Asker: 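Here it is: the structure, laid out below.
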Amino acid sequence: GIELKNLNFDGEIASYLLNPSESKYDMLNLLNQYSGINTSGIDADDKNGIAALYVQKLDDIKRNMLTEINKHGMNELFEKIEMPLIEVLSSMECLGFKVDAQILHDIGFELSEEIDKLTGEIYDIAGSEFNINSPKQLGVILFEKLNLPVIKKTKTGYSTDAEVLEELSDKHEIVDKIINYRQLVKLKSTYTDGLISCIGKDGRIHSSFNQTVTATGRISSTEPNLQNIPIKMEQGRRIRKAFVPENDEYVIISGDYSQIELRVLAHISQDKSLINSFVNNEDIHRRTASEVFGIPMDEVTPLQRSRAKAVNFGIIYGQSDYGLSKELKISRKEAKSYIDNYFKRYSGVKDYLDSAILDAKDKGYVTTLMNRIRYIPEINSTNKNVKKFGERLAMNTPIQGSAADIIKIAMVKVYSRIKKEKLKSRLILQVHDELIVEAYKNEIDYMKQLIKSEMENAVKLSVPLVVDINVGNNWYEAK
DNA sequence: CAGATCACGCACG
DNA sequence: AACGTACGTGATCGAA
C-alpha cells in the first residue's frame with residue numbers, strides 16, 4: 001500500500017557511486033564531503049542538528065555530487081539505473097517470497113535426527129564428549145588426542161576447515177563424520193531454523209536489499225540473506241522446495257544469465273577468440289580446454305574440461321599459478337603452463353587485464369560498462385601482498401561490476417514493463433545473475449518471453465547475452 | 001557474567 | 001596465496 005513518488009535524487013546512492021568502498025553514507029559524512037562546510041565542530045550524536053543542517057545544505061550537497069557524477073560519466077548510471085532501482089528493490093522487499101514453514105520444519109526435523117546420530121558416533125569414536133561446533137575443542141580432539149597431522153594453522157590455532165578435513169578424511173574414520181556433521185548443522189542453523197524465524201505474519205520472507213554495500217556494484221541481501229540459499233548439494237538444495245508461490249494461481253519463474261562474467265570479459269577485452277566462441281555459441285569450457293591443451297574440441301576429456309573451467313574462473317579473479325595449482329591439486333609448474341597457454345591463445349584477455357592494472361595505477365580507479373567506479377588504493381601499497389591484492393581487484397571489479405550493471409538494467413526494465421502493462425506477475429528476487437518472478441499462471445508464456453528478452457537485451461555487447469528460463473511450482477523446481 | 005566484537009567456518013554468485 | 005557478499009557459533013574481553 002506504499003507508493004514511492006518523485007524519486008530523483010538520493011544522497012546516499014549518489015555518494016555510493018562516487019565512492020562505493022565507503023562503509024557509511026550517513027548525513028554527517030555527506031555534509032563533510034559534499035556540502036563545503038567544516039564539520040569538525042559537529043557533535044556526531046546530535047542527530048536532529050545534523051539532519052537539520054543536512055536539509056539546509058541539501059541543494060549544495062546535491063549540486064556538488066551531481067557535478068562529480070557528471071565528471072565521471074555516471075549520469076546515466078545514476079538517473080536511469082540506480083535511482084529507478086530504488087523502487088524496484090522496495091517493491092521486492094514489500095512483496096517478499098512466500099515460504100512453506102511446514103517444509104522447513106520437516107527438513108529441520110530430519111536434520112536434527114541425523115545430527116543427533118552423528119553426534120553420538122563422533123563422541124564414541126573420540127572417546128569423550130566435546131563441543132563439535134568449537135573449532136578449538138575439535139582441534140584438540142583431532143590433533144592432540146587422535147594425533148592426526150596438522151595441515152595448516154589459523155592465527156589462533158589449528159585449522160579445521162573443510163579443506164583440511166578433506167585431506168584428513170582417509171586418515172581416520174571420525175573425519176567424514178565431522179564433515180557431514182558440519183554440513184547438517186549449517187543447514188539446520190542457518191537455513192531451516194534461521195529462515196523459519198524470518199517468516200512474517202503474511203507467510204512471506206521480506207529480506208532487505210541493500211543498494212550501497214558492495215564495492216563492485218552488486219546488491220546485497222540481509223535479514224535474511226536470500227542470495228545464498230543452498231543449491232550445490234542436493235541435501236541443501238531441497239531447502240528451495242520451501243520457497244513457493246502465493247497460491248495455486250501462481251508459479252515461480254527464474255531467468256538466469258549464462259556465463260555472464262565471461263561474456264562481459266569477451267566484450268570489454270575484445271579478445272577475438274573469446275568473442276568468436278560466444279558468437280558461435282560454443283561450450284566455452286570445452287573450447288578453453290581445446291585451446292589450453294592444444295587438442296581438437298571433440299577430444300577434450302571430462303577432466304580437461306573441468307580443469308579448463310577452473311582456469312576460466314581463475315582468470316576472472318586474477319588467480320596466480322599457485323592458486324590454480326591448489327584448486328586443481330596439480331603442480332605449480334603445470335598450473336603455470338595452463339595459465340601461460342591460456343594467455344597465448346587469448347592474448348586480448350591478457351592485454352585487457354594488464355591495461356586494467358595500468359588504469360588503476362594511473363587514475364587510481366577502474367570502471368565498468370556503465371562507468372561505475374571503484375578506487376583501488378591498494379595497488380600503490382609498498383606491501384607486496386596488498387599490491388597484488390589491488391591488482392586482482394583491478395582485474396575483477398570491471399567484470400563483476402559490469403555484470404551487476406547489466407542485471408540492474410534488466411531489473412528496471414522487467415519491473416517497469418510489469419507495472420506499465422498492469423501484469424499480475426511480480427519480480428521478487430535477484431541473485432546476481434538470476435531474476436526470480438512470481439508469475440500469474442495466465443501470464444506464464446508472456447512472462448517467460450518478457451524476462452528472457454528484457455534480460456538478453458538489457459545492453460548490446462559484442463557477444464550475445466543468453467538467458468535460460470525455468471518454471472516450477474517452487475524455487476527448487478524452477479531450475 | 002552482560003553484550004559487543006573477534007575468529008572461524010561456510011552458504012551463494 | 002582466488003573476486004564479491006551474509007550469518008551462526010564459540011571464545012574473548014572486561015561493563016556495572
Side-chain angles (χ1 to χ4, degrees), chain A residues 20-21 130-139 152-165 178-179 181-195 197-198 207-210 213-233 235-237 239-240 256-262 265 310-328 332 335 339 353 356 366 374 376 378 384-386 388-404 407 429-435 475:
Chain A
S21 304
F130 64 102
N131 190 341
I132 310 169
N133 297 323
S134 160
K136 190 178 174 180
Q137 294 182 38
L138 178 62
K152 66 177 171 186
K153 307 202 86 177
T154 66
K155 62 176 146 181
T156 55
Y158 310 114
S159 171
T160 67
D161 67 18
E163 201 186 313
V164 168
L165 295 180
I178 304 283
I179 293 171
Y181 174 91
R182 280 250 177 92
Q183 290 172 343
L184 301 184
V185 167
K186 178 83 176 176
L187 290 178
K188 174 111 169 79
S189 64
T190 306
Y191 298 105
T192 59
D193 297 356
L195 288 174
S197 74
C198 294
S207 177
S208 295
F209 298 103
N210 202 311
V213 164
T214 74
T216 56
R218 281 185 172 182
I219 59 170
S220 81
S221 159
T222 55
E223 291 180 288
N225 182 358
L226 292 185
Q227 294 182 318
N228 71 345
I229 304 302
I231 190 167
K232 291 172 183 170
M233 310 269 255
Q235 187 155 41
R237 191 172 191 152
I239 298 285
R240 293 179 175 231
D256 66 288
Y257 282 112
S258 159
Q259 304 292 353
I260 189 163
E261 293 195 339
L262 285 174
L265 176 61
V311 171
N312 278 330
F313 275 104
I315 294 295
I316 288 169
Y317 301 143
Q319 192 178 45
S320 65
D321 51 5
Y322 182 83
L324 184 66
S325 74
K326 227 176 56 167
E327 168 81 21
L328 294 180
R332 192 164 176 172
I339 295 173
L353 294 174
V366 291
R374 177 184 185 178
I376 318 274
E378 295 88 346
K384 209 174 129 196
N385 288 333
V386 175
K388 284 280 174 200
F389 178 59
E391 292 177 359
R392 293 195 297 274
L393 296 181
M395 294 187 270
N396 175 264
T397 298
I399 303 172
Q400 187 182 127
S402 296
I407 196 163
L429 188 58
Q430 183 250 51
V431 192
H432 309 309
D433 65 355
E434 173 187 21
L435 296 184
W475 194 5

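All values derive from a computational prediction rather than experimental measurement. In the text below, chain A, chain B and the rest are named by the order of the sequence lines, each starting its count at 1.
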Asker: Write down the distance between CD1 (A:I339) and C1' (C:dA1), rounded to a whole number of angstrom.
Answerer: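 Going from A:I339 (CD1) to C:dA1 (C1'), I get 12 Å.
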Asker: May I have the distance from A:K152 (atom NZ) to C:dA1 (atom P), rounded to whole angstrom?
Answerer: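 Rounded to the whole Å, the gap is 11 Å.
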Asker: Side chain of A:T190 only, please: which of C:dA1, C:dG8, C:dC3 is the nearest?
Answerer: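 So the nucleotide nearest the side chain must be C:dG8.
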Asker: C:dC7 P sits how many Å from A:E223 CD, rounded?
Answerer: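 Answer to the nearest Å: 6 Å.
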Asker: Do A:N228 and A:Y191 make a side-chain contact, defined as non-hydrogen atoms from C-beta onward lying under 4.5 Å apart?
Answerer: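 The answer is yes; the side chains approach within 4.5 Å.
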Asker: With sequence neighbours excluded, tell me which residues meet ring-ring contact (aromatic ring centres under 6.0 Å, His included) with A:Y181.
Answerer: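 Result, ring-ring contact (aromatic ring centres under 6.0 Å, His included) vs A:Y181: none returned.
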Asker: Got a sec, which residues hit salt bridge (charged side-chain N to carboxylate O under 4.0 Å, His left out) with A:R332, two or more places apart in sequence or on another chain?
Answerer: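 A:D321.
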Asker: Can you name the side chain to side chain contact (heavy atoms under 4.5 Å, CB included) partners of A:Q400, sequence neighbours left out?
Answerer: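 Checked A:Q400 against side chain to side chain contact (heavy atoms under 4.5 Å, CB included); matches are A:T216, A:R218, A:E261, A:N396.
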Asker: Identify, with sequence neighbours excluded, every residue that meets side-chain hydrogen bond (donor to acceptor under 3.5 Å, both in side chains) alongside A:T156.
Answerer: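 Result, side-chain hydrogen bond (donor to acceptor under 3.5 Å, both in side chains) vs A:T156: A:T154.
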Asker: Please state how far atom CD1 in A:I260 lies from atom P in C:dC3, giving the value in whole angstrom units.
Answerer: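 In whole Å, C:dC3 P lies 21 Å from A:I260 CD1.
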Asker: Could you work out the separation of B:dA7 and C:dA1 based on their P atoms and round it to a whole Å?
Answerer: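 Those two atoms are separated by 16 Å.
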Asker: Pick base, sugar-phosphate or nothing for A:N131, based on heavy-atom distances below 4.0 Å to the nucleic acid.
Answerer: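 The answer is sugar-phosphate, as A:N131 gets under 4.0 Å only of primed atoms, P, OP1 or OP2.
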Asker: Select base, sugar-phosphate, or nothing to describe what A:V213 touches, counting heavy atoms under 4.0 Å on all strands.
Answerer: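 Sugar-phosphate, no base atom in range.
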Asker: Would you mind classifying the nucleic acid contact of A:L393 as base, sugar-phosphate or nothing, using non-hydrogen atoms under 4.0 angstrom?
Answerer: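 It contacts sugar-phosphate atoms only.
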Asker: When every nucleotide of nucleotides 8-13 of chain B is labelled 5' to 3' by its protein contacts under 4.0 Å (heavy atoms), B for base, S for sugar-phosphate only, - for none, what sequence of letters results?
Answerer: SBBBSB
Asker: Keeping the roles fixed (side chain from A:S207, backbone from A:E223), state whether a donor-acceptor pair exists under 3.5 Å.
Answerer: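 Checking the backbone N and O of A:E223 against the side chain of A:S207, no donor-acceptor pair under 3.5 Å is found.
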Asker: Nearest whole Å is fine: how far is C:dG8 P from A:L184 CG?
Answerer: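 Result: 18 Å.
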Asker: Just call it for A:R332: base, sugar-phosphate, or nothing, with non-hydrogen atoms closer than 4.0 Å on any strand.
Answerer: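 If one applies the 4.0 Å heavy-atom cut-off, A:R332 turns out to touch nothing in the nucleic acid.
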Asker: A:S402: what forms a side-chain hydrogen bond (donor to acceptor under 3.5 Å, both in side chains) with it, not counting sequence neighbours?
Answerer: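 Applying side-chain hydrogen bond (donor to acceptor under 3.5 Å, both in side chains) to A:S402 gives none.
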Asker: Report the residue (A:D321 or A:S220) whose heavy-atom-nearest nucleotide on DNA chain C is the more 5′ of the two.
Answerer: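 The answer here is A:D321.
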Asker: Which is true for A:K136 with a 4.0 Å heavy-atom rule: it touches a base, it touches only sugar-phosphate, or it touches nothing?
Answerer: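 Here A:K136 touches the backbone only, sparing every base.
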Asker: Given atom CG of A:D193 and atom C1' of C:dT9, what is their separation to the nearest angstrom?
Answerer: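 Between C1' of C:dT9 and CG of A:D193: 13 Å.
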Asker: For A:G323, answer base if it contacts any base atom (sugar-phosphate contacts may also be present), sugar-phosphate if it contacts only those atoms, and nothing otherwise; contact means non-hydrogen atoms under 4.0 Å.
Answerer: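 Sugar-phosphate: the residue A:G323, judged by heavy atoms under 4.0 Å, touches backbone atoms but no base.
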Asker: Output the rounded distance in Å from CG (A:L195) to C1' (C:dC7).
Answerer: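 Whole-Å distance recorded here is 11 Å.
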Asker: Of all residues at least two apart in sequence or in a different chain, which pass the salt bridge (charged side-chain N to carboxylate O under 4.0 Å, His left out) check with A:E391?
Answerer: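 Expected list: A:K388.
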Asker: Looking across every strand, which nucleic acid part, if any, lies under 4.0 Å from A:A404 by heavy atom: base, sugar-phosphate, or nothing?
Answerer: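 Nothing, no nucleic acid heavy atom in range.
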Asker: Judged by atom type as modelled, is there a donor-acceptor pair below 3.5 Å linking the side chain of A:T214 to the main-chain atoms of A:G217?
Answerer: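 Answer holds: yes.
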Asker: With a cut-off of less than 4.0 Å, is there a side-chain N or O of A:S221 near OP1 or OP2 of C:dT5?
Answerer: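 For C:dT5, neither OP1 nor OP2 has a side-chain N or O of A:S221 closer than 4.0 Å.
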Asker: Sequence neighbours excluded, which residues qualify as salt bridge (charged side-chain N to carboxylate O under 4.0 Å, His left out) partners of A:E163?
Answerer: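 Salt bridge (charged side-chain N to carboxylate O under 4.0 Å, His left out) list for A:E163, sorted by chain: A:K152.
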Asker: For A:F389, report the nucleic acid contact type (base, sugar-phosphate, nothing); a contact means any heavy atom under 4.0 Å.
Answerer: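 Result for A:F389 = sugar-phosphate.
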Asker: Rounding to a whole Å, what distance do you find between A:M395:CE and C:dA1:P?
Answerer: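 After rounding, the reported distance stands at 14 Å.
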Asker: In dot-bracket form, 5' to 3', how is DNA chain C paired? Count Watson-Crick and G-U wobble pairs only if both distances fall under 3.5 Å, and write | where the partner sits on another strand.
Answerer: ..|||.|||||||...
